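Reading through the structure tokens given below for one structure.
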There are 2 protein chains.
Amino acid sequence: MSKQDRISWQDVQNEVRQRISQRDWKPGEYIPHEAELAQEFGCARATVNRALRGLAEAGLLERRRRAGTRVALNPVRRAEFAIPLIRAEIEGKGQRHTHRVCLREMRLPPPDVQARMQIPAQVPQLFVQTLHLADGTPYVFERRWINTSAVPAVEGADFVTYSPNEWLMREVAFDGGDFTFSALTASAAEAEMLACSPGEGLFVLDRTTHHGGQVITSVRLVFHPGYQMHTRI
Amino acid sequence: MSKQDRISWQDVQNEVRQRISQRDWKPGEYIPHEAELAQEFGCARATVNRALRGLAEAGLLERRRRAGTRVALNPVRRAEFAIPLIRAEIEGKGQRHTHRVCLREMRLPPPDVQARMQIPAQVPQLFVQTLHLADGTPYVFERRWINTSAVPAVEGADFVTYSPNEWLMREVAFDGGDFTFSALTASAAEAEMLACSPGEGLFVLDRTTHHGGQVITSVRLVFHPGYQMHTRI
DNA sequence: CTCGTAAATATGTTTATACATATTATGTAT
DNA sequence: ATACATAATATGTATAAACATATTTACGAG
């Protein structure tokens with residue numbers, strides 16, 4: 001009952017969410033079916049459907065045809081996070097983003113990278129190391145492999161005006177990606193890059209980006225000590 | 001055109017997704033409006049709306065009333081991840097989950113925890129340290145604060161049959177949470193708990209769980225070396 | 001009693017229609 | 001030209017109706 005006198009799907013969703021949260025409807029229990037709720041709330045079934053569908057997508061409800069809708073046993077099983085876009089992330093904090101290409105060469109990828117990128121063996125690929133800085137202090141160090149047969153135009157890119165990621169975002173399309181978050185212990189090389197002590201625990205994001213079945217690029221981002229990724233539900 | 005001869009919203013969504021991915025419609029460009037697409041695909045506007053709404057939620061499209069719909073400049077900006085439920089995660093790998101409560105006492109929370117939990121100063125809270133094991137090897141070490149005034153029943157819980165998280169999931173409702181992912185360098189105590197070397201980089205998840213404006217619990221999960229969190233889009 | 005089939009039922013989807021709302025474009029008065 | 005009211009327009013939402021689909025229940029033949 002927000003604006004008009006009509007009941008909106010948001011109204012229904014809020015009410016249902018509250019009933020779950022207050023445990024009027026307990027985990028595992030079946031809730032009334034759509035038609036019944038529609039009558040209770042005085043709205044169309046489609047409106048209830050819209051509301052419940054959203055809650056099911058969020059993992060709060062489990063729905064099955066004929067069986068009905070019930071409150072999930074383990075409520076809230078997924079959350080969303082923002083994919084870090086380095087420049088946006090840094091500028092969003094009011095800092096200035098710069099980057100420095102440390103290395104750019106054709107190189108034979110190690111077996112694990114070759115497997116992950118699903119590329120033939122013994123074919124050199126473009127390897128780029130870049131350091132991103134926020135107000136001049138190291139922010140994240142990236143080691144990137146680029147599939148040169150999928151992105152031939154990359155041969156002519158020097159990644160000075162645009163960082164590798166920015167260049168790729170502008171030049172090539174992609175339709176999927178794999179993300180792996182982990183931690184590693186800073187090696188001497190990484191410590192020097194990120195201006196921290198060797199042995200420090202660092203946050204790592206490995207990302208592999210696809211387009212049309214092909215792997216475009218595979219990158220490891222090693223963040224500065226103290227980096228945090230945040231989300232809420 | 002999957003099953004029937006009718007066009008489904010999924011058909012429309014796939015087609016649009018493809019046009020974006022193939023850059024028939026380029027980032028920043030406006031796409032035809034719903035009525036136009038409905039005519040092109042031979043379906044109702046509601047069907048197109050459903051398709052485009054989903055893509056907008058995924059961050060692929062940006063929609064504004066009157067202005068229209070355009071392809072997002074930075075396509076794909078968010079991804080979903082599964083919130084780790086220790087037991088489910090371990091058993092999902094075919095391993096056996098056990099846990100050991102190492103410490104359980106009332107204790108005065110340090111200032112940062114007190115602030116995060118939005119509780120009055122100088123009031124002791126329940127503090128529990130638990131080690132979770134997979135097939136007997138340390139998996140994750142948790143340090144948890146529980147708001148005893150929000151969950152008075154916790155006084156009588158020994159967390160032997162149910163681990164703290166499982167107990168809380170069963171006993172109390174919650175409606176929101178904060179998640180922070182980071183990395184830390186293993187201290188001597190953490191190294192001993194997780195049977196790793198001090199100084200190793202470890203993956204950390206800090207989670208604060210709310211219900212009705214109150215903080216229920218705040219926990220730090222320190223994972224074993226090599227732990228990974230995975231997701232894809 | 002068992003197995004397979006038919007009926008029942010709750011959710012899922014599509015459609016046409018109507019109206020709401022945000023935002024841009026237009027036009028008019030000053 | 002500028003400011004402001006007004007029209008135009010694309011998306012957003014609500015509804016009733018019809019049908020699709022998955023899944024369970026009931027039933028009947030053997």
Side-chain angles (χ1 to χ4, degrees), chain A residues 1-17 19-20 25-73 75 77, chain B residues 1-17 19-20 25-73 75 77:
Chain A
M1 297 250 199
S2 38
K3 293 288 165 80
Q4 280 281 324
D5 38 350
R6 279 259 198 66
I7 270 68
S8 78
W9 66 269
Q10 299 258 15
D11 298 330
V12 177
Q13 192 170 83
N14 288 337
E15 177 59 27
V16 171
R17 187 176 262 127
R19 288 186 191 178
I20 295 171
W25 293 335
K26 298 181 186 59
E29 271 183 19
Y30 281 94
I31 74 172
H33 60 258
E34 292 185 347
E36 215 166 316
L37 288 173
Q39 188 164 25
E40 185 199 328
F41 289 117
C43 65
R45 185 170 78 89
T47 307
V48 174
N49 182 281
R50 178 94 155 82
L52 298 189
R53 196 202 317 144
L55 294 174
E57 277 166 14
L60 239 71
L61 293 176
E62 281 168 6
R63 322 191 72 198
R64 262 166 60 226
R65 284 174 174 171
R66 161 82 219 222
T69 302
R70 57 179 186 170
V71 181
L73 282 168
R77 287 175 303 203
Chain B
M1 299 252 199
S2 36
K3 294 286 164 85
Q4 278 283 323
D5 37 353
R6 278 257 199 68
I7 269 69
S8 77
W9 66 268
Q10 299 257 18
D11 297 330
V12 176
Q13 193 171 81
N14 289 337
E15 177 60 26
V16 171
R17 188 176 261 127
R19 289 186 191 179
I20 295 171
W25 292 336
K26 298 180 188 60
E29 271 183 19
Y30 281 95
I31 75 173
H33 59 259
E34 293 185 347
E36 215 167 314
L37 289 173
Q39 188 163 25
E40 184 199 329
F41 289 117
C43 65
R45 183 169 79 88
T47 307
V48 175
N49 183 281
R50 178 95 155 82
L52 299 189
R53 196 201 318 143
L55 294 174
E57 276 165 14
L60 238 71
L61 292 176
E62 280 167 6
R63 323 192 71 198
R64 263 168 58 226
R65 285 175 173 172
R66 162 82 221 222
T69 301
R70 56 179 188 171
V71 182
L73 282 167
R77 286 174 305 202

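It should be emphasised that the depicted structure is a prediction, and the values quoted were computed from it without experimental measurement. The basis for the numbers below is simple: all heavy atoms, side chains too, and nothing from hydrogens, waters or symmetry mates. Sequence lines set the chain letters: A, B, ... in the order given, protein chains first and strands last, and positions in each chain run from 1.
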Selected nucleotide, minimal atom distance to [X] side chain, candidates [options]:
X	options	value
B:R66	D:dT15, C:dT23, C:dA10	C:dT23
A:R65	C:dA10, D:dT24, D:dA16	C:dA10
A:A44	D:dA16, C:dT24, D:dT13	D:dA16
B:R64	D:dT11, C:dT11, C:dT24	C:dT24
A:A46	D:dT15, D:dT24, C:dT11	D:dT15

Can you tell me if [X] touches the phosphate of [N], counting only side-chain N or O atoms and a distance under 4.0 Å to OP1 or OP2?
X	N	answer
B:R63	D:dG12	yes
B:R45	C:dT14	no
B:T69	D:dA10	no
B:N49	D:dG12	yes
B:T47	C:dT13	no

**Study point:** Worked verdict on B:H33 versus B:E36 for side-chain contact (heavy atoms from CB on, under 4.5 Å)
**Key:** CA-CA 5 Å; B:H33 59 259; B:E36 215 167 314; 3.2 Å; yes
Point to revise | Gap between atom CZ of B:R53 and atom CZ of A:R50 - 0.5 Å precision | key: 3.5 Å
Review point. Checking side chain to side chain donor-acceptor pair (under 3.5 Å) against B:E34, which of B:N49, B:T47, B:T69 comes through?
Key: B:N49
Point to revise | Note, B:L61 side chain near B:I20 side chain (heavy atom, < 4.5 Å) | key: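 In contact.
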Point to revise | Beyond-backbone contact of A:K26 with A:V71, side-chain heavy atoms, under 4.5 angstrom | key: no
Tell me: [atom1] of [X] to [atom2] of [N], nearest whole Å?
X	N	atom1	atom2	value
B:L61	D:dA10	CG	C1'	14 Å
B:D11	C:dG12	CG	C1'	15 Å
B:F41	C:dT15	CZ	C1'	17 Å
B:Q39	C:dT14	CD	P	19 Å
A:I31	C:dT11	CD1	P	8 Å
B:E62	C:dA22	CD	C1'	16 Å
B:I7	C:dA16	CD1	P	12 Å
B:L52	D:dG12	CG	C1'	12 Å

Exercise for review: Could you tell me whether the side chain of B:N14 and the main chain of B:D11 form a donor-acceptor pair under 3.5 Å?
Suggested key: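 The answer is no, because no donor-acceptor pair under 3.5 Å joins these two groups.
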Review point. NA contact type, B:R50, heavy-atom cut-off 4.0 Å: base, sugar-phosphate, or nothing?
Key: sugar-phosphate
**Study point:** Base-pairing mate for C:dT30 - Watson-Crick or G-U, with both contacts under 3.5 Å
**Key:** D:dA1
Practice item. Select from B:G68 and A:A67 the residue whose nearest nucleotide in DNA chain D is closer to the 5' end of that strand. Key: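 With B:G68 and A:A67 compared, the 5'-side residue is B:G68.
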